[in-house]
Amino acid sequence: MRASQFFIATLKEAPSDAEIVSHQLMLRAGLIRRLAGGIYTWLPMGLRVLRKVENIVRQEMDRAGAIELLMPAVQPFELWEESGRGPKYGPELLRFKDRHQREFVIGPTHEEVITDVVRREIRSYRQLPRHFYQIQTKFRDEIRPRFGVMRGREFLMKDGYSFHASYADLEREYRNMYDSYSRIFSRLGLKFRAVAADTGAIGGTGSHEFHVLADSGEDAIAFCPASDYAANVELAEAVAPTKVGAGETVKLAAPMEKKATPNKTKCEDVAAFLGLPLTQTVKAIAVMAEKEGGSEFVLLLLRGDHDLNEIKAQKVVGEFRFARDEEIVDALGCKAGYIGAVGFNGRVVADRSVAVMSDCVCGANEEGYHLTGVNFGRDLPQPETVADIRNVVEGDPSPDGKGTLELCRGIEVGHIFQLRTKYAEALKCTFLDEQGKDQVMEMGCYGIGVSRIVGAAIEQGHDERGIVFPAGIAPFAVAIVPMNYAKSETVRAAAGALHAELLAAGIDAILDDRDERPGSMFADWELIGIPHRVVVGERGLLVGKLEYKGRSDTEATMVAASEMTAFLKQKLCDG
RNA sequence: CGGGGUGUGGCGCAGCCCGGUAGCGCGCUUGCUUUGGGAGCAAGAUGUCGAGAGUUCGAAUCCCUCCACCCCGACCA
């Protein structure tokens, strides 16, 4: 490829609406352009990257025994009614009507469609197991698309679905996918981690997420350095404290007292104001839980230094939303910031760590006042429900009993589920077993966010000059940068010869024949993140040499022109 | 959807408080020079100031409505 025939659309300054590095760099390097919120055009340079990711994913899926097919993006809504997922998916599902007033959706995922295919095509245990996958554009009408391609509404995804005659066989395939995914992310050159995950809206039982480790990641991961335990914080269990007070709160059974705490609404402020440790405060979070025929006001109690885990809480109290100010005043006679469970006679759910506290500090249900020396069983009844409803924090004991947890951040790029019979049952996807008996198929599903990987790779690989792509997914492997291309015939000839030689050797090289100034050519290729650069200049050619520099190298090295192809081949193998 | 913010040539911004000829840098076009780290000189082109309504002799600037986008929260690959 010659630069003059390609399309290079680099920008000196990043558009101001891009927040995180990967988004800014993708815009600046001319990989993508925004069309509408969360919807992007992949410019030729970006498309090359996307295709390289896609091909690695495809190769490994094929190698793992999955079979590629392509399903429609547009799906009849009836299928979603049949699976029962239509209402649950909600407004994220983009729905529309065709000219005959028939309802359709643009597929956010394809469990329904694939199950429909399989239920029509597969009848016998002899045809199982089967694993189908596709690499296709999805649409999810995200509430808040952001971070460019990392959370777009339209995005490219690899989604695979496996069908089995038995759970044991599903487990086998699940492990197979776990290994394949690990291989894929290794080949992509990413630092990643597989973590146990919540199953979310897709449903099912076993589930692992694959996260690219990056500080800008939207997910928090808890892991134990002393064991192989790793889980999404959404799921990671905060184990019940074994000792009363967990070594931090001392049992004093002090009398309950009301203290004026003007304008101190946050636990941090109250603790500092009263000169007490934050771990002695209890925060009360008011929620409205869905109940038949209306909603119920519920107080969730957490230790002051802990955060609510809404997913865990949802499993205890059911679907809920945060209570509005007027609802709080209605139930407790006081506005948020000074509320507490003392004197409240509705439903109270306490976190496990709260249940073992004594002499707590909590809101007095009176504006400007908090209570100290509050004790369960004396000042208020023991909480009706004690459960794990908080996020784990650094230093919590690992749920596997081997050491303590640490936290890091990640970008979810893959997710594997054991769906079991959830969809197969709803859509009556059955087969005849060896006894000729009708059985519901066991199902697994496996997703990879192909377009998101591009963003994640850049989050992980960049410096002050631009993108540092892993060798496997860079748009070009080598950039040939000639000096004074327009005027120097020797340079032109040498650069052309090297270009031809590299192409013949199967190396994806681009020749920068734009006759730009050297500085802007260097800047462009560094911004775009090409791993290898060869400068062809008259000075070097006089002694038969070319200059090589890797994207992360600090110094360039001179290589004999005749050796350059072999030299690069070696570099590409190492990379 | 709740809270916060921003919309001015392709990109980055100033101008807005205090109404009076729409500006700067980069980029773009042409010419000459230059050619190993985003060149220099000269000459140019490019704007419904997000949209609509209003106040006013006069609106980018003040008022109202709407739209788009960004950030923080609940969703997910």
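The basis for the numbers below is simple: all heavy atoms, side chains too, and nothing from hydrogens, waters or symmetry mates. Each chain gets a letter, A, B and so on, in the order the sequences are listed, and its residues count up from 1. The model shown is predicted, which means the values in this text are computed figures rather than measured ones.
Between A/R517 and the phosphate of B/A39, there is a side-chain N or O to OP1/OP2 separation shorter than 4.0 Å. In terms of phosphate contacts, A/R146 brings a side-chain nitrogen or oxygen within less than 4.0 Å of OP1 or OP2 of B/G73. Proximity of A/S520 to the phosphate of B/A39: no side-chain N or O atom is located under 4.0 Å from OP1 or OP2. Under 4.0 angstrom from either OP1 or OP2 of B/C72 there lies at least one side-chain N or O belonging to A/R144.
With hydrogens and angles ignored, no donor-acceptor pair closer than 3.5 Å exists between the side chain of A/E310 and the base of B/G73. Between the side chain of A/E547 and the base of B/G36, a donor-acceptor pair under 3.5 Å is found. A donor-acceptor contact under 3.5 angstrom links the side-chain atoms of A/R533 to the base of B/G37.
Judged by closest nucleotide on RNA chain B, A/P15 is the one of A/F322 and A/P15 placed further toward the 5' end. Residues A/S16 and A/H23 both approach RNA chain B. Their nearest nucleotides, taken by heavy-atom distance, put A/S16 toward the 5′ side.
The side chain of A/E13 lies closest to B/C11 when the candidates are B/C71, B/G38, B/C11. For A/I143, counting side-chain heavy atoms from C-beta on, the closest listed nucleotide (B/G36, B/A74, B/A77) is B/A74. Among the nucleotides B/A74, B/U35, B/G37, the one closest to any side-chain atom of A/K487 is B/U35. Of the candidate nucleotides B/A77, B/C72, B/C70, B/C70 has the atom lying nearest to any side-chain atom of A/R34. In this structure, the nucleotide among B/G36, B/A77, B/G37 sitting nearest to the side chain of A/F417 is B/A77. Closest approach to the A/N484 side chain among B/G36, B/C69, B/U35 is made by B/U35 (side chain taken as heavy atoms from C-beta onward). Taking every side-chain heavy atom of A/R452 into account, B/C76 is the closest of B/G38, B/C76, B/C1. Comparing B/C1, B/A77, B/G37 by their nearest atom to the side chain of A/H415 picks out B/A77. When each of B/A77, B/C75, B/G37 is scored by its nearest atom to the side-chain atoms of A/R140, the top-ranked nucleotide is B/A77. For A/D524, counting side-chain heavy atoms from C-beta on, the closest listed nucleotide (B/G36, B/G38, B/G37) is B/G38.
Searching all strands for a Watson-Crick or G-U wobble partner of B/C41 with both distances below 3.5 Å returns B/G31. Across all strands shown, B/C49 forms no Watson-Crick or G-U wobble pair with both key distances under 3.5 Å. Base pairing analysis places B/U56 opposite nothing; no Watson-Crick or G-U wobble pair with both distances below 3.5 Å involves it. Taking a pair to require two hydrogen-bonding distances under 3.5 Å in either a Watson-Crick or a G-U wobble arrangement, B/C16 remains unpaired. Under the Watson-Crick and G-U wobble criteria, each requiring two contacts below 3.5 Å, nucleotide B/G73 is paired to B/C1. Both distances falling under 3.5 Å, in either a Watson-Crick or a G-U wobble arrangement, place B/G25 opposite B/C11.
The distance from atom CZ of A/F139 to atom P of B/C75 is 19 Å, rounded to the nearest whole Å. Rounded to a whole Å, the CG atom of A/D219 is 11 Å from the P atom of B/C75.
Taking atom C1' on both nucleotides, B/G9 is separated from B/U55 by 29 Å, rounded to a whole Å. Here, B/C18 and B/U61 have their P atoms 14 Å apart, quoted to the whole Å. B/G20 and B/U65: their P atoms are spaced 25 Å apart (whole Å).
Exactly one residue among A/R151, A/H211, A/M150, A/E218 makes a side chain to side chain contact (heavy atoms under 4.5 Å, CB included) with A/I411. That residue is A/M150.
Judged by a 6.0 Å distance limit and a 45° cone about the ring axis, A/R95 is positioned over the six-membered ring of A/F77. At least one test fails for A/R33 against the ring of A/Y40: distance under 6.0 Å to the centre or angle within 45° of the axis. In this structure, A/R465 is not positioned above the aromatic face of A/F522 in the sense of NZ or CZ being under 6.0 Å from the six-membered ring centre and within 45° of the axis.
Stacking of A/F522 onto the six-membered ring of B/G38 is not present when judged by under 5.5 angstrom between centres and under 30° between planes.
Salt-bridge formation is not detected for the pair A/E142/A/R153: no Lys NZ or Arg NE/NH1/NH2 atom is positioned less than 4.0 Å from an Asp or Glu carboxylate oxygen.
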Q) What's the verdict on side-chain contact (heavy atoms from CB on, under 4.5 Å) for A/T41 and A/L43, showing C-alpha distance, side-chain angles and the deciding distance? A) CA-CA 6 Å; A/T41 295; A/L43 296 177; 4.2 Å; yes
